[in-house]
Participant: 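I'd like to ask some things about the structure below.
A quick note: this is a predicted structure, and the numbers were derived from the prediction, not measured. Throughout, a chain's letter reflects where its sequence line sits, starting with A, and its residues are numbered from 1.
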There are 2 protein chains.
Amino acid sequence: MDTSDLPANILDPDCPSRVIFQRIGDKWASLVVQVLADGPIRFSELRKMVHVVTPKVLTQTLRTLERDGLITRTVHAQVPPRVDYELTELGASLLEPLTLLRLWAEDHVPSILKARDAYDDAQDEAVIRD
Amino acid sequence: MDTSDLPANILDPDCPSRVIFQRIGDKWASLVVQVLADGPIRFSELRKMVHVVTPKVLTQTLRTLERDGLITRTVHAQVPPRVDYELTELGASLLEPLTLLRLWAEDHVPSILKARDAYDDAQDEAVIRD
DNA sequence: GTCGCTGGTATCCATGAGGTAACTAAGTTC
DNA sequence: GAACTTAGTTACCTCATGGATACCAGCGAC
């Protein structure tokens, strides 16, 4: 088999690109990045934008994004505290492919839901035939 | 706040596009789709391409992809059995945004690893200062 | 008759992701 | 001095994902 044009590194479980690729698919990370596209935002506002996320999980997500250099965290010496999160240049560069993927998902929702219905119907018929 | 240009549906926990968007980030699904880019492939070959995946998990992944209409499953009446998996048109259309994302990940591995090192070093220093 | 091949299934189990709820710091307001 | 604010932290718990292992069908070869 010819594998020369395959993403050999992504298929290699030990390659960092695989880990990074999967981080993008993280439940919250990609959502946060897309919210930050509009500019800096503070913790509590972010929570409101991405519904239902608990502070613990949001903090975890933000820390890994910060660690990976995709966002910056700016603490303002105020009381009550104010912390702003903002995309770095690196984070902003992720926005383009991520947006394409989001558009794909939004565009193909009907096709996928239709495929699911057809599949489930076929399954039901198969059960009846048994 | 102006949310008119935000992906409101993806931020809505109840919108199917959110589920679909996250399915793409699935540990194995996106890998499988990219392997299938080269054309039909059978179960055991797929297992070899995507290292270390157990048959159970691979089957699960393939079933959901099939249910969502991204791949087709063709059983050949042979002994020993032969089953081919192939991208549908819908699945092939996912290839483009997915490839862009993969290229982004591969391109930015060094930047991210560098950011991580810098972050971890800063953490270490902070601990020493305590 | 039993070994091997393919494409799975069945069962059990461990890890970890994520949720809940309570708590904290630290200054401002009442 | 009690209450309110923001941005978390901490301890605890639950449940789903995914991994390990074993097994099966059905036919051909030995």
Side-chain angles (χ1 to χ4, degrees), chain A residues 1 11 13-14 18-32 35-36 40-68 71-86 123 126-127 130, chain B residues 1 11 13-14 18-19 21-32 35-36 40-68 71-86 119 123 126-127 130:
Chain A
M1 182 192 300
L11 294 177
D14 297 327
R18 178 139 159 185
V19 180
I20 289 163
F21 189 71
Q22 285 169 7
R23 160 107 0 115
I24 297 165
D26 178 83
K27 188 169 180 185
W28 303 110
S30 51
L31 256 44
V32 167
V35 170
L36 290 187
I41 192 173
R42 53 198 301 195
F43 190 81
S44 51
E45 286 173 350
L46 199 46
R47 266 197 82 184
K48 279 173 222 150
M49 291 301 299
V50 186
H51 306 274
V52 210
V53 64
T54 61
K56 190 190 79 170
V57 174
L58 185 55
T59 301
Q60 280 175 358
T61 305
L62 290 168
R63 286 297 132 83
T64 42
L65 286 174
E66 192 194 354
R67 189 170 105 102
D68 286 350
I71 63 171
T72 55
R73 178 172 178 269
T74 311
V75 182
H76 302 273
Q78 300 178 358
V79 169
R82 175 195 180 90
V83 179
D84 280 326
Y85 293 94
E86 191 172 7
Q123 291 300 308
V127 168
D130 282 350
Chain B
M1 181 191 301
L11 294 177
D14 297 327
R18 179 139 159 186
V19 180
F21 188 71
Q22 285 169 6
R23 158 105 3 114
I24 297 164
D26 179 84
K27 189 169 180 184
W28 302 111
S30 51
L31 256 43
V32 167
V35 170
L36 290 186
I41 192 173
R42 53 198 301 195
F43 190 82
S44 51
E45 286 173 350
L46 200 45
R47 267 197 82 183
K48 279 174 223 151
M49 292 300 299
V50 186
H51 306 273
V52 210
V53 64
T54 60
K56 190 190 79 169
V57 173
L58 185 56
T59 301
Q60 281 175 357
T61 304
L62 290 168
R63 286 298 133 82
T64 42
L65 286 174
E66 192 194 355
R67 190 170 104 102
D68 286 351
I71 64 171
T72 55
R73 177 172 180 270
T74 312
V75 182
H76 302 272
Q78 301 178 359
V79 169
R82 176 196 180 89
V83 179
D84 281 324
Y85 292 93
E86 191 173 6
Y119 184 89
Q123 291 301 309
V127 169
D130 283 350

Participant: Tell me which nucleotide among C:dT20, C:dA26, D:dA20 gets nearest to the side chain of A:V79.
Facilitator: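 Nucleotide nearest to A:V79's side chain: C:dA26.
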Participant: Choosing from D:dG18, C:dG7, C:dG8, which nucleotide comes nearest the side chain of B:P55?
Facilitator: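 The answer is C:dG8.
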Participant: Is it the case that D:dG19 (base atoms only) and B:K56 (side chain only) share a donor and an acceptor within less than 3.5 Å, ignoring hydrogens and angles?
Facilitator: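 Such a pair exists between side chain and base.
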Participant: Rounded to the nearest 0.5 Å, how far does OG1 of A:T74 lie from CZ of A:R42?
Facilitator: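 It is 12.5 Å, given to the nearest 0.5 Å.
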Participant: Assuming nearest nucleotide by heavy-atom distance, tell me which of A:K27 and A:P81 is located more 5' along DNA chain C.
Facilitator: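 Residue closer to the 5' terminus by nearest nucleotide: A:K27.
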Participant: Nearest whole angstrom, please: distance from the P of D:dA7 to the CG of A:L62.
Facilitator: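 Taking CG of A:L62 and P of D:dA7, I get 11 Å after rounding.
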Participant: When you check the phosphate oxygens OP1 and OP2 of C:dG7, does a side-chain N or O of B:R42 lie under 4.0 Å from one of them?
Facilitator: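 For C:dG7, OP1 or OP2 has a side-chain N or O of B:R42 closer than 4.0 Å.
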Participant: Go through the side-chain N and O atoms of A:R73 and A:Y85 and say whether any donor and acceptor fall under 3.5 Å apart.
Facilitator: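 Looking only at side-chain atoms, A:Y85 and A:R73 do form a donor-acceptor pair, the distance falling under 3.5 Å.
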Participant: What's B:S44 touching, base or sugar-phosphate or nothing? Going by heavy atoms closer than 4.0 Å.
Facilitator: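 Touches sugar-phosphate only.
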Participant: Please report, rounded to the nearest Å, how far the P atom of D:dT6 is from the CG atom of A:L58.
Facilitator: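 Spelled out: CG on A:L58 to P on D:dT6 is 15 Å.
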Participant: So, taking the atom named CG in A:D68 and the one named CZ in A:R23, what distance separates them when rounded to the nearest 0.5 Å?
Facilitator: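 Nearest 0.5 Å value for the CG-CZ distance: 4.5 Å.
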Participant: Heavy atoms from C-beta onward define the side chain here; which of C:dG8, D:dG8, C:dG27 lies closest to that of A:T59?
Facilitator: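 Looking only at heavy atoms from C-beta outward on A:T59, the closest nucleotide is D:dG8.
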Participant: Examine C:dG8: is either OP1 or OP2 under 4.0 Å from a nitrogen or oxygen in the side chain of B:R73? Give yes or no.
Facilitator: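 Looking at the OP1 and OP2 atoms of C:dG8, one of them is under 4.0 Å from a side-chain N or O of B:R73.
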Participant: Can you measure A:Q22 atom CD to D:dG18 atom P for me and round it to whole angstrom units?
Facilitator: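 Going from CD in A:Q22 over to P in D:dG18 covers 10 Å.
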Participant: From the set C:dG7, C:dT9, C:dG27, return the single nucleotide nearest to any side-chain atom of B:F43.
Facilitator: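 So the side chain of B:F43 is nearest to C:dG7.
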Participant: Output the single nucleotide from D:dT9, C:dT6, C:dG7 whose closest atom is nearest the side chain of A:R63.
Facilitator: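 For the A:R63 side chain, the nearest candidate turns out to be D:dT9.
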